[in-house]
Structures are given as C-alpha cells and as structure tokens.
Protein chains: 2
Amino acid sequence: MCTVNFSASTTHALRATAWLAAHPGEDAVLGRDLARKLKIPPDYLSKVLATLARNGVLRAVRGAKGGYRLARAPERIKLAEVVTPFEGKRARTGCLLHPDRPCRDSGACSAHASWGGVSQAYRDFLDRTTVADIRDHP
Amino acid sequence: MCTVNFSASTTHALRATAWLAAHPGEDAVLGRDLARKLKIPPDYLSKVLATLARNGVLRAVRGAKGGYRLARAPERIKLAEVVTPFEGKRARTGCLLHPDRPCRDSGACSAHASWGGVSQAYRDFLDRTTVADIRDHP
DNA sequence: GTGATACTGGATATGTATATCCAGAATAGA
DNA sequence: TCTATTCTGGATATACATATCCAGTATCAC
C-alpha cells in the first residue's frame with residue numbers, strides 16, 4: 001500500500017471533521033456545502049460523511065434545516081475514531097515482513113525495535129490527537 | 001490508503017531481499033525457488049524481482065545457472081532502495097490534510113509537529129535500516 | 001397532512017494494485 | 001552452433017478504492 005499517509009476517503013474524513021470544528025455554529029452544515037468548501041466530489045463525500053455518522057463521529061439530520069455536525073466537542077473526538085472506519089482491513093499492525101502475523105519480540109530481526117517505534121509513533125499520534133488539534137489547518 | 005504498513009508488492013520485495021541476504025552463496029537463486037520458499041505467487045514475484053533488478057537492488061542472470069542475487073552486500077542496501085520503486089506515486093510526504101502540498105511550518109495546525117514526527121520517523125527508518133538488518137527475520 | 005429538503009443506500013463506472021499466463025530474448029553448457 | 005534454461009515483457013483477469021448517478025426515506029416548516 002503505502003508510505004505514511006492516508007487514503008483519499010480517510011483524508012476527506014479528516015478534512016471534513018476539521019472544517020466542522022473550525023466553523024462552529026448552531027446550524028448543521030449541508031453535505032454539498034462541505035463538498036464545495038473542501039473541493040471534494042459531493043457524491044463521494046456524502047458516502048464518507050454517512051460512514052462517519054454511522055460510526056458516531058458525526059450527527060446527521062435529514063430534511064429541511066438538516067445537515068451534519070460533530071457528534072461531540074472536537075476536543076473529545078480522537079483522530080483514531082475518524083480514521084479507523086476507513087482503514088479497517090488495512091490496519092494490520094503486524095510485523096514488517098509479515099503484516100498478517102502479530103509481532104513477537106522473541107526471535108525478532110535487528111530492525112524489529114526501530115520498526116516497532118515507527119508503528120507505535122503512528123498509533124500514539126492517532127490516539128492522542130483530537131479533531132480540535134487539526135481545526136486550524138490552512 | 002493506509003496505516004503504517006506496506007503494499008503486497010513492497011512486502012514481497014522486502015521478504016525476497018531479506019531471504020537472499022540470509023542465504024548467501026555463490027549460486028544465483030531461481031525466481032521460482034524464491035517464490036516457493038516465501039509462499040508468494042511465482043508469476044507475481046517475478047514482476048517484483050524484475051523491478052528490483054531494474055532499480056539496481058538485484059542482479060538478474062538469465063539462462064542456465066541463472067537467477068537472482070543481491071547487487072551489493074546487504075549492509076550496503078538501504079530499505080529505501082527496496083521500497084521506493086513500489087511506493088513511487090503514493091510517496092506523498094506532504095501535509096496530513098493536504099498530501100499533495102509540501103508541508104509548511106508557518107500557519108500550521110497544532111498537530112503539525114507531532115504528525116511531522118511520525119512522518120520523519122518513517123523516513124529515517126527507511127534511510128537507516130539495511131537489508132542486513134532484516135536478514136534474520138523469522 | 002403536505003411539500004420541500006437533505007441524508008441514505010443501491011447500482012454503476014473508472015482506475016490502480018494484485019495476480020496469472022505465455023511468447024520472446026538472453027545466457028550457459030555441450 | 002544447438003539446446004535447455006531462466007529472466008523479460010505484453011496481454012489479460014480479478015479485487016478493491018474511488019467516483020457518479022439516482023430513487024427512496026426521514027425530517028422540518030407551513
């Protein structure tokens with residue numbers, strides 16, 4: 001798959017939640033408005049937003065005066081919650097050479113520790129950063 | 001795309017080079033033997049090995065007594081050389097929310113530094129670890 | 001209730017990664 | 001040179017991520 005960056009769906013999800021956190025207000029935000037602001041294909045973003053709503057990150061309201069808003073205060077939404085629904089099957093946090101197997105410390109190669117450090121830094125980032133932390137991104 | 005792990009092609013490449021480093025010898029190793037040892041589809045692995053040969057990581061010899069061997073001593077082959085040919089287009093080491101843009105420190109969000117740390121740890125790993133370091137992986 | 005609105009979900013299209021098959025080219029050995 | 005052998009490259013197939021379209025359903029305002 002890849003280096004340390006995210007799929008298009010995951011990036012859309014991060015940008016949408018960051019934008020909602022940066023623009024608080026009493027009204028819900030329309031999916032198509034969000035798509036226009038973020039320059040994301042509206043029909044594709046709608047799928048992403050629906051997934052976030054199903055997973056409790058957003059609250060979706062249908063009908064007139066409807067739209068999306070964050071389910072909680074942005075300080076209380078970890079990036080892990082935003083990312084996980086889209087990284088599901090790929091999230092194999094296993095060994096470097098055997099992503100399907102759990103990592104065992106015993107009998108490891110000499111790169112085991114340094115690779116584990118990279119992997120751990122990534123998980124810590126998702127677990128300690130909240131949507132409020134990415135709110136002010138340009 | 002993904003969490004901190006690699007595509008199937010990249011993982012195959014890492015495992016193949018690690019195996020070659022772990023089994024030094026005067027003879028070249030046949031592609032189909034490598035595939036059998038590593039339990040990788042032979043026809044797919046052959047494409048991966050050809051790419052590694054094109055990029056100077058392996059030396060390929062055709063015909064009788066042919067096969068593959070490492071182009072240099074495993075201590076002198078960085079993992080970055082093995083990984084880069086397969087991560088080419090994905091290797092966008094940009095911002096968290098804008099992978100296409102270079103990361104600017106000015107005007108960054110509060111998560112900028114911690115994300116940059118994760119990204120840097122990943123690049124350092126690929127640049128400082130060699131094939132010799134993953135040779136003894138089970 | 002009625003109608004307008006906006007999210008939801010299914011069907012479909014495209015691109016890329018993964019995987020397979022096979023003919024062709026290059027090499028070693030006789 | 002001839003032949004067996006092995007890598008190389010093109011064509012093709014499958015799965016999944018990305019992207020689009022549209023009918024259905026839930027909600028608000030009147």
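Since we're looking at a predicted model, the values are computed, not measured. Letters A, B, ... are given to chains in the order of the sequence lines, protein chains preceding strands, and every chain is numbered from 1.
- In this structure, the side chain of A:T84 does not engage the main chain of A:E81 through any donor-acceptor pair within 3.5 Å.
- In this structure, the side chain of B:T129 does not engage the main chain of B:L126 through any donor-acceptor pair within 3.5 Å.
- At whole-Å resolution of the value, CZ in A:R59 and P in D:dT27 are 11 Å apart.
- When the P atom of D:dT27 is taken as reference, atom CG of A:D27 falls 18 Å away, rounded to whole Å.
- Residues from residues 41-56 of chain B with heavy atoms under 4.0 angstrom of DNA chain C, sorted by number: B:P41, B:D43, B:Y44, B:K47.
- The nearest whole Å value for the distance from the CG atom in B:L20 to the P atom in D:dC7 is 12 Å.
- Nucleotide D:dT6 holds its P atom 14 Å from the CG atom of B:L34, rounded to whole Å.
- Note: CZ (A:R69) to C1' (C:dC7) measures 14 Å, nearest angstrom.
- Atoms OH (A:Y68) and C1' (D:dT27) sit 14 Å apart, rounded to a whole Å.
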Below 3.5 Å between N/O atoms, which protein atoms pair up with nucleotides 27-30 of chain C? Just atom names and distances, please.
from	atom 1	to	atom 2	distance (Å)
C:dA28	O4'	B:A64	O	3.3

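- Distances shown here put every side-chain N or O of B:S9 at or beyond 4.0 Å from the OP1 or OP2 atom of C:dA17.
- The aromatic rings of A:F125 and B:W115 are tilted relative to each other, their planes meeting at an angle between 30° and 60°.
- A straight line from CG of A:L58 to C1' of C:dA6 spans 15 Å, rounded to a whole angstrom.
- If you measure from atom CZ of B:F86 to atom P of C:dA19, you get 13 Å, rounded to the nearest angstrom.
- Between the side chain of B:R69 and the backbone N or O of B:E26 there is at least one donor-acceptor pair closer than 3.5 Å.
- Counting heavy atoms from C-beta outward, A:I40 and A:R15 have side chains that approach closer than 4.5 Å.
- Both B:V48 and B:W19 are part of a single hydrophobic cluster, where members link through side-chain heavy atoms under 4.5 Å apart.
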(Q) Let's go through B:S119 and B:R123 carefully: what are the C-alpha distance in whole Å and the side-chain angles of both, what is the deciding distance for side chain to side chain donor-acceptor pair (under 3.5 Å) to 0.1 Å, and is it a yes or a no? (A) CA-CA 6 Å; B:S119 191; B:R123 289 193 296 274; 2.8 Å; yes

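- The number of heavy-atom neighbours closer than 6.0 Å to CZ of B:R128, taken from other residues, nucleotides and ligands shown, is 12 or below.
- Looking at B:R76, its side chain never comes within 3.5 Å of a backbone N or O of B:A71 through a donor-acceptor pair.
- At C:dT18, none of the side-chain N or O atoms of B:H12 fall inside 4.0 Å of OP1 or OP2 (strictly under the cut-off).
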